Protein chains: 2
Amino acid sequence: MAQNKKNEFVRSEIELAEFAKALSHPARVAIIKAIAKRNSCICGEIVEVMPLAQSTVSQHLKELLNAGLIQGSIDGTKSCYCINSRMFEKFSKSINKLFVITQDQE
Amino acid sequence: MAQNKKNEFVRSEIELAEFAKALSHPARVAIIKAIAKRNSCICGEIVEVMPLAQSTVSQHLKELLNAGLIQGSIDGTKSCYCINSRMFEKFSKSINKLFVITQDQE
DNA sequence: TTAATTCATCGTATATTTGCGATAAACAAT
DNA sequence: ATTGTTTATCGCAAATATACGATGAATTAA
């Protein structure tokens with residue numbers, strides 16, 4: 001954009017937007033689902049079920065990590081990812097809070 | 001991107017990603033909050049409380065409309081927007097579904 | 001030690017998003 | 001009729017996101 005105005009907003013709005021952005025690509029939703037289904041996944045397993053190159057999947061994983069929605073640990077040459085339930089719950093609550101405000105008034 | 005791979009994914013994943021994308025910018029979260037607070041808003045009221053040009057706000061409103069998270073109606077020269085609770089609830093449930101799968105397995 | 005495996009990161013091309021001013025379109029007020 | 005309001009859309013510039021192959025770094029296997 002010409003200028004970035006994202007910092008003109010309130011902290012909570014920025015945080016919710018960051019969570020939402022992490023899920024704003026089907027690949028990242030699919031990755032979350034894949035990890036959730038198996039409880040935890042090594043990177044290679046995710047790459048196998050994804051129609052994307054390994055480097056691309058790795059990039060999406062990084063974004064999910066940055067948003068805090070997943071956690072990663074290294075095991076030898078392999079990287080193991082799991083869902084960060086705490087963050088996910090926080091996200092879910094933020095969404096519902098928006099929604100509840102709405103319901104209160106109609 | 002070199003190629004667009006978004007259509008390689010499952011319908012439900014694409015839909016959730018689209019909802020998430022609608023909320024993936026702080027301005028759009030702020031707009032939702034503004035509308036929810038007053039129950040409904042004319043466009044000009046939203047522009048007033050937003051640190052963005054009128055044309056930019058209009059663009060964000062359009063994206064929220066496209067995602068179905070808000071509804072709009074025209075009243076004279078003014079445009080009135082309100083939350084689409086039904087869609088919002090659908091979104092909330094999709095998120096929770098992802099989350100519940102997670103909780104089931106840990 | 002050498003070769004193979006696994007994965008993150010870099011560089012790059014292309015697509016999409018964000019933001020604005022200018023303008024158009026529709027109505028209201030004079 | 002003319003003028004002012006209100007809002008959507010167009011056209012553009014700049015910033016980000018998406019995707020890939022190539023490469024590097026770390027470990028494991030031979």
Side-chain angles (χ1 to χ4, degrees), chain A residues 1-9 13-14 17-31 34-35 40-67 69-82, chain B residues 1-9 13-14 17-31 34-35 40-67 69-82:
Chain A
M1 45 223 135
Q3 308 148 58
N4 191 329
K5 298 258 176 149
K6 281 178 183 166
N7 290 70
E8 313 257 344
F9 295 91
E13 291 164 354
I14 294 172
E18 280 169 354
F19 277 135
K21 179 142 82 171
L23 285 187
S24 74
H25 193 290
R28 291 193 289 271
V29 174
I31 288 171
I35 297 176
S40 88
C41 268
I42 58 171
C43 177
E45 292 176 325
I46 301 170
V47 171
E48 261 175 16
V49 299
M50 214 62 60
L52 296 169
Q54 178 267 321
S55 60
T56 306
V57 172
S58 204
Q59 228 170 344
H60 283 306
L61 283 167
K62 192 181 176 184
E63 287 184 64
L64 289 168
L65 272 177
N66 285 343
L69 289 176
I70 62 174
Q71 289 173 312
S73 61
I74 298 173
D75 174 26
T77 63
K78 312 200 172 175
S79 288
C80 188
Y81 293 97
C82 63
Chain B
M1 48 220 131
Q3 308 148 60
N4 191 329
K5 298 256 175 149
K6 281 180 184 166
N7 291 69
E8 313 256 345
F9 296 91
E13 290 165 354
I14 294 171
E18 280 169 355
F19 277 135
K21 180 142 83 171
L23 285 188
S24 74
H25 193 288
R28 292 194 287 273
V29 174
I31 288 172
I35 297 176
S40 89
C41 269
I42 59 170
C43 176
E45 292 176 324
I46 301 170
V47 171
E48 259 176 17
V49 299
M50 214 62 61
L52 296 169
Q54 178 268 321
S55 59
T56 307
V57 171
S58 204
Q59 227 169 343
H60 283 306
L61 282 166
K62 192 180 177 185
E63 286 183 66
L64 288 168
L65 272 176
N66 285 343
L69 290 176
I70 62 175
Q71 289 173 312
S73 61
I74 297 173
D75 174 25
T77 62
K78 312 200 175 176
S79 288
C80 187
Y81 293 97
C82 64

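Worth saying up front: this structure is predicted, and the values here are computed from it rather than measured. Order of the sequence lines sets the chain letters (A, B, ...), proteins ahead of strands, with each chain counted from 1.
One donor-acceptor pair, N or O on each side, does fall under 3.5 Å between the base of C:dA8 and the side chain of A:Gln54.
Taking atom CG of A:Asn7 as the reference point, atom P of C:dT18 lies 15 Å away to the nearest angstrom. In this entry the distance linking NZ of B:Lys6 with C1' of C:dT16 reads 7 Å, nearest Å. Between B:Met50 atom CE and C:dT18 atom P there is a gap of 14 Å when expressed in whole angstrom units. B:Gln3 places its CD atom 14 Å from the C1' atom of C:dT12, with the value rounded to the nearest Å. A straight line from CD of B:Gln59 to P of D:dA13 spans 16 Å, rounded to a whole angstrom. If you measure from atom NZ of B:Lys78 to atom P of D:dA8, you get 13 Å, rounded to the nearest angstrom. Atom-to-atom, CD1 of A:Ile31 to C1' of C:dA8 comes out at 14 Å; the value is rounded to the nearest Å. Rounded to whole Å, the distance from CG on A:Asp75 to P on D:dT28 is 8 Å.
Contact of the B:Leu69 side chain with the B:Leu23 side chain is registered, since non-hydrogen atoms from C-beta on lie closer than 4.5 Å.
Proximity note for B:Ile42 (side chain, C-beta onward) versus D:dT7, C:dC20, D:dG21: the nearest is D:dT7. Of the candidates C:dC20, D:dC20, C:dA8, the closest approach to any side-chain atom of A:Ser79 belongs to C:dA8. When each of D:dC20, C:dG21, C:dA28 is scored by its nearest atom to the side-chain atoms of B:Thr77, the top-ranked nucleotide is C:dA28. The side chain of B:Leu52 approaches C:dC20 more closely than any other nucleotide in the set C:dC7, D:dG21, C:dC20. With distances taken from any side-chain atom of B:Cys43 to the nucleotides C:dC7, D:dT7, D:dA19, the minimum falls on D:dT7.
Separation of atoms OG (B:Ser40) and CD1 (B:Ile35) is listed at 8.5 Å; rounding is to 0.5 Å.
For B:Lys21 and D:dA17, the shortest distance from a side-chain N or O to OP1 or OP2 is not below 4.0 Å. For B:Lys5, a side-chain nitrogen or oxygen approaches OP1 or OP2 of D:dC20 to under 4.0 Å. In this structure, B:His25 does not reach the D:dT16 phosphate: none of its side-chain N or O atoms is under 4.0 Å from OP1 or OP2. Residue B:Tyr81 has a polar side-chain atom (N or O) positioned under 4.0 Å from OP1 or OP2 of D:dA8. OP1 or OP2 of D:dA19 lies within a sub-4.0 Å distance of a side-chain N or O belonging to A:His60. For the pair B:Asn4 and C:dT16, the criterion of a side-chain N or O lying under 4.0 Å from OP1 or OP2 is met.
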Please tabulate, one pair per line, all N/O donor-acceptor pairs under 3.5 Å involving side-chain atoms of residues 41-60 of chain A, not counting sequence neighbours.
{"unit_1": "A:Glu45", "atom_1": "OE1", "unit_2": "A:Ile42", "atom_2": "N", "d": "3.1"}
{"unit_1": "A:His60", "atom_1": "ND1", "unit_2": "A:Arg28", "atom_2": "NH1", "d": "2.9"}

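A:Glu63 comes within contact range of the sugar-phosphate backbone alone, with a heavy-atom separation under 4.0 Å but no base atom that close. B:Ser58 comes within 4.0 angstrom of a base, heavy atoms only. Contacts of B:Leu61 with the nucleic acid, taken as non-hydrogen atoms under 4.0 Å apart, are absent. Residue contacts for A:Ile74: at a heavy-atom cut-off of 4.0 Å it reaches no nucleic acid atom on any strand shown. In this structure, B:Thr56 reaches the bases: a heavy-atom distance under 4.0 Å links it to at least one base atom across the strands shown.
The shortest heavy-atom contact between A:Leu64 and A:Ala22 is CD2-O, 3.7 Å. Nearest heavy atoms, A:Pro26 versus B:Ala17: N-CB, 3.5 Å. Taking all atoms of both residues into account, the shortest heavy-atom contact from B:Ile70 to B:Leu65 is O-CD2, 3.4 Å.
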